[in-house]
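Numbered from 1 within each chain, the chains take letters A, B, ... in sequence-line order. Below, all heavy atoms of this structure are taken into account, side chains as well, without hydrogens, waters or symmetry copies.
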2 protein chains.
Amino acid sequence: MDNKLPTLKEIARRLKFSVSTVSRALHDHPSIGLRTKMQVKQLAKELNYEPNQTALFFKQQKTHTIGVILPNLKEEFFSQAINGIEDVAKINKYSVLIGQSHDDIDQEKQIAIAMKNQRVDGLIVSISKHTKNYDHFISLRKYNIPVVFFDRVPDLPTVHKVASNFNTGTKQAIEFLITKGHRRIGVINGPEEMKSSKERIITYMEVLQKKRIKIDLSLIVTTDLTQVKTFEAMKNLLDLKYPPTAILTINDYVALDAIQYARKSKLKINKDISFVSYANLPIINYLEFPPLASVEQYPYEQAKKATEILFDLFNADNIPDEEEKKYHNILIEGQLIIHKK
Amino acid sequence: MDNKLPTLKEIARRLKFSVSTVSRALHDHPSIGLRTKMQVKQLAKELNYEPNQTALFFKQQKTHTIGVILPNLKEEFFSQAINGIEDVAKINKYSVLIGQSHDDIDQEKQIAIAMKNQRVDGLIVSISKHTKNYDHFISLRKYNIPVVFFDRVPDLPTVHKVASNFNTGTKQAIEFLITKGHRRIGVINGPEEMKSSKERIITYMEVLQKKRIKIDLSLIVTTDLTQVKTFEAMKNLLDLKYPPTAILTINDYVALDAIQYARKSKLKINKDISFVSYANLPIINYLEFPPLASVEQYPYEQAKKATEILFDLFNADNIPDEEEKKYHNILIEGQLIIHKK
DNA sequence: AAAAATAGAACAAACGGTTGCGCTGATTTT
DNA sequence: AAAATCAGCGCAACCGTTTGTTCTATTTTT
């Protein structure tokens with residue numbers, strides 16, 4: 001097993017050139033003669049020479065790797081997001097290191113530290129549903145590791161982030177339900193820590209006020225996204241004296257659980273009770289009783305944009321510190337998708 | 001921005017020790033005095049010293065990173081598999097680099113090359129559904145990068161692999177259908193390139209023969225896993241003079257499409273026609289008309305086992321080449337899960 | 001023909017850490 | 001008291017590549 005990979009030194013030895021000459025030859029440096037250049041290149045090709053990336057990473061203090069931290073990959077939202085990240089990374093010849101927090105703050109911290117130590121050049125993050133403290137990300141600034149958040153973003157002005165504009169989608173969703181004749185619209189919201197949860201409620205109230213529909217706070221319940229809590233939330237809604245005729249749920253997975261609960265309660269979906277949610281999962285197409293509509297949040301586009309910003313930051317780093325360093329804060333418009341059926 | 005990370009050199013300078021002393025002190029080398037050791041460790045802690053991984057990777061010619069190549073992450077099967085890989089990697093303090101082939105052979109090759117250049121220490125692979133040629137993986141041997149395949153594995157004796165034992169699951173599935181009274185059992189199989197496709201048919205025939213049920217080859221159709229082809233396959237089956245009363249599909253996604261088609265054809269699921277498939281996706285639980293049963297293939301366990309083998313190989317590499325180098329070939333037993341409903 | 005300019009290549013340092021070996025002064029052995 | 005031992009630390013090489021500087025012919029200029 002002659003497992004030794006060819007190095008510049010090896011090429012230099014065979015051709016009786018110096019290592020530096022070989023290096024420059026391969027880089028088409030002007031101070032290398034044509035003959036030499038040809039010889040070097042040919043031998044390099046013969047030997048299948050590939051620069052040792054670990055040496056380069058070390059030398060350049062760059063790893064050409066971006067880290068991605070997100071709650072999990074099993075939600076299709078995030079696996080689609082990965083595609084957006086990968087695509088941009090590939091264009092820039094970067095690799096992607098992925099870590100799942102599984103919505104656990106400690107794991108999130110641990111991964112962030114591991115990625116710092118691995119010397120990733122930058123980080124794309126969608127925070128866990130319980131994260132309230134962002135120190136483990138903020139501290140990366142000391143190491144010049146830029147961080148761009150997407151989808152689940154911290155509620156801080158001093159970070160780069162790309163998120164869905166829940167406002168628009170929520171507005172469309174509620175108006176859609178009102179148009180369909182619904183007046184008692186329930187909401188199964190996410191944990192209060194999540195920025196999107198607050199925004200959803202604000203928009204919900206705004207729309208109802210404008211349409212002069214009385215707001216009933218008992219119609220607003222929360223779930224931590226687990227099935228158990230969603231069932232509880234549904235029970236609370238259905239046990240009301242005047243239960244809602246339509247429910248807005250924080251995402252499609254919650255909607256699925258909610259629908260399941262409604263069916264167990266012998267309710268006719270889309271007749272006794274209708275659902276609208278967020279995410280627009282492909283799986284919806286296979287359901288017998290899907291939500292009436294979903295707010296598409298374009299995970300691919302969000303993640304892609306976040307990654308593009310990250311690469312901008314890599315370059316901006318070289319630019320002398322502008323005093324007023326701008327923080328990117330992009331909103332991707334959601335879009336209500338009405339499911340035909 | 002004092003972005004300079006602390007180095008051994010920095011610690012040595014401040015304490016007026018040599019770099020080597022500092023290095024050894026941090027590693028509890030016996031030839032370093034207690035006083036010195038304490039001083040060094042304290043300052044290291046104060047400065048938040050962390051060894052520069054890129055330097056270590058370079059020096060040790062190891063990246064402590066394993067590469068994973070799989071068709072895609074949006075199939076829950078694979079995102080669960082990732083968890084198995086991550087868990088084992090974490091125990092061994094390894095990072096995980098992920099690449100999706102999107103079932104495209106060229107992308108698969110490209111990723112394999114990129115990972116080789118990144119100097120991953122080893123590779124976990126589930127091949128694309130069209131891959132017939134394995135040179136891009138075999139050639140990694142030259143670079144001493146071990147490869148372990150899982151789930152979708154090459155049909156070669158000279159590779160390490162972990163796969164599902166389709167035999168058992170398929171047998172259970174068909175016998176289950178026969179017990180339910182079905183005599184005309186259709187199969188929507190995968191592309192012939194896939195090893196599992198062949199095995200499925202063999203078992204199918206064996207079971208039918210044993211049960212003395214006549215084999216009708218027109219009941220066996222194939223799909224490339226796309227919806228279009230699955231619909232075509234379904235059409236072929238349903239247009240038969242004596243269409244099947246039950247269908248075995250290669251996986252749950254195909255089953256979903258097949259069920260959708262059957263419903264469009266006004267067939268009553270689980271009455272006019274029943275389905276059994278492979279994978280046992282969680283989503284099944286939300287369906288109104290799920291397959292009767294699914295063969296669970298334990299992606300987490302498969303991937304975990306594959307990764308454990310990979311780490312074994314890392315160590316085995318140091319052992320002098322045994323002439324008879326064994327190739328791992330693990331089969332994980334599938335298990336038919338009958339969906340209650 | 002001597003001086004200046006230039007092309008083409010070599011030298012050497014640097015990135016940060018590990019490690020075999022050698023050095024020094026103190027302690028123990030004979 | 002001289003010799004041997006040893007604890008404790010420094011020196012230097014090395015991993016592969018890049019790059020600023022220097023060197024050496026050769027060519028061009030005057």
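Applying the salt bridge (Lys or Arg N to Asp or Glu O under 4.0 Å) test to pairs two or more places apart or on separate chains, none has a residue in residues 114-139 of chain A.
Q39(B) has its CD atom 14 Å from the P atom of dG8(D), to the nearest Å. Atom NZ in K62(A) sits about 17 Å away from atom C1' in dT17(D), given to the nearest Å. The interatomic distance linking L56(A) (CG) with dC15(D) (C1') rounds to 13 Å, in whole Å. Rounded to an integer number of Å, the gap from CD1 of I11(A) to P of dT18(D) is 11 Å. Remark: C1' of dG17(C) and CD of E50(B) are 14 Å apart, rounded to the nearest angstrom. Between the CD atom of E10(A) and the P atom of dC15(D) there is a distance of 12 Å, given to the nearest Å. Taking atom CG of residue L26(B) and atom C1' of nucleotide dG17(C), one finds them 11 Å apart after rounding to whole Å. Between D28(B) atom CG and dT18(C) atom P the separation is 13 Å, expressed in whole Å.
Aromatic ring pairs are classed by plane angle as parallel below 30°, tilted from 30° to 60° and perpendicular above 60°; the pair F314(A) and Y94(A) is parallel. Using cut-offs of 30° and 60° for the angle between ring planes, the F77(B) and F150(B) rings count as parallel. Classification of the F57(B)-H64(B) ring pair by plane angle, with boundaries at 30° and 60°, yields parallel.
Residue order along DNA chain C, read from the 5' end via each residue's closest nucleotide, puts V22(A) first among A55(B) and V22(A). Judged by closest nucleotide on DNA chain D, K37(B) is the one of R119(B) and K37(B) placed further toward the 5' end.
With centroids closer than 5.5 Å and planes inclined by less than 30 degrees as the test, F58(A) and the base of dT17(D) fail to qualify as a stacked pair. Residue ring and base: F17(B) does not count as stacked with dC9(D) (centre distance below 5.5 Å and interplanar angle below 30° not both satisfied).
Using a 4.0 Å heavy-atom distance criterion, K16(A) is classed as a sugar-phosphate-only contact. If you check every strand for non-hydrogen atoms under 4.0 Å, S31(A) touches a base. Heavy atoms of Q61(A) sit under 4.0 angstrom from primed sugar atoms or phosphate atoms, though from no base atom. At the heavy-atom level, T54(B) lies nowhere under 4.0 Å from the strands shown. Using a 4.0 Å heavy-atom cutoff across all strands shown, F57(A) reaches no nucleic acid atom at all.
Every side chain to side chain donor-acceptor pair (under 3.5 Å) that S20(A) has, sequence neighbours left out, goes to S18(A).
Using modelled atom types and a 3.5 Å distance limit, the side chains of H130(A) and S128(A) yield no donor-acceptor pair.
Of the charged side-chain nitrogens involved, at least one lies within less than 4.0 Å of a carboxylate oxygen, so that R14(B) and E10(B) count as a salt-bridged pair.
With dC9(D), dG16(C), dT18(C) as the choices, the nucleotide that has an atom nearest any side-chain atom of N52(B) turns out to be dG16(C). In this structure, the nucleotide among dA9(C), dG16(D), dA10(C) sitting nearest to the side chain of S18(A) is dA10(C).
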Please enumerate all protein N or O atoms sitting under 3.5 Å from an N or O of nucleotides 19-29 of chain C, with distances to 0.1 Å.
residue	atom	partner	partner atom	Å
dG20(C)	O6	R24(B)	NH2	2.3

For this session: Please test D312(A) against K305(A) for salt bridge (charged side-chain N to carboxylate O under 4.0 Å, His left out), starting from the C-alpha separation and ending with a verdict.
Result: CA-CA 10 Å; D312(A) 284 349; K305(A) 185 68 193 164; 6.0 Å; no
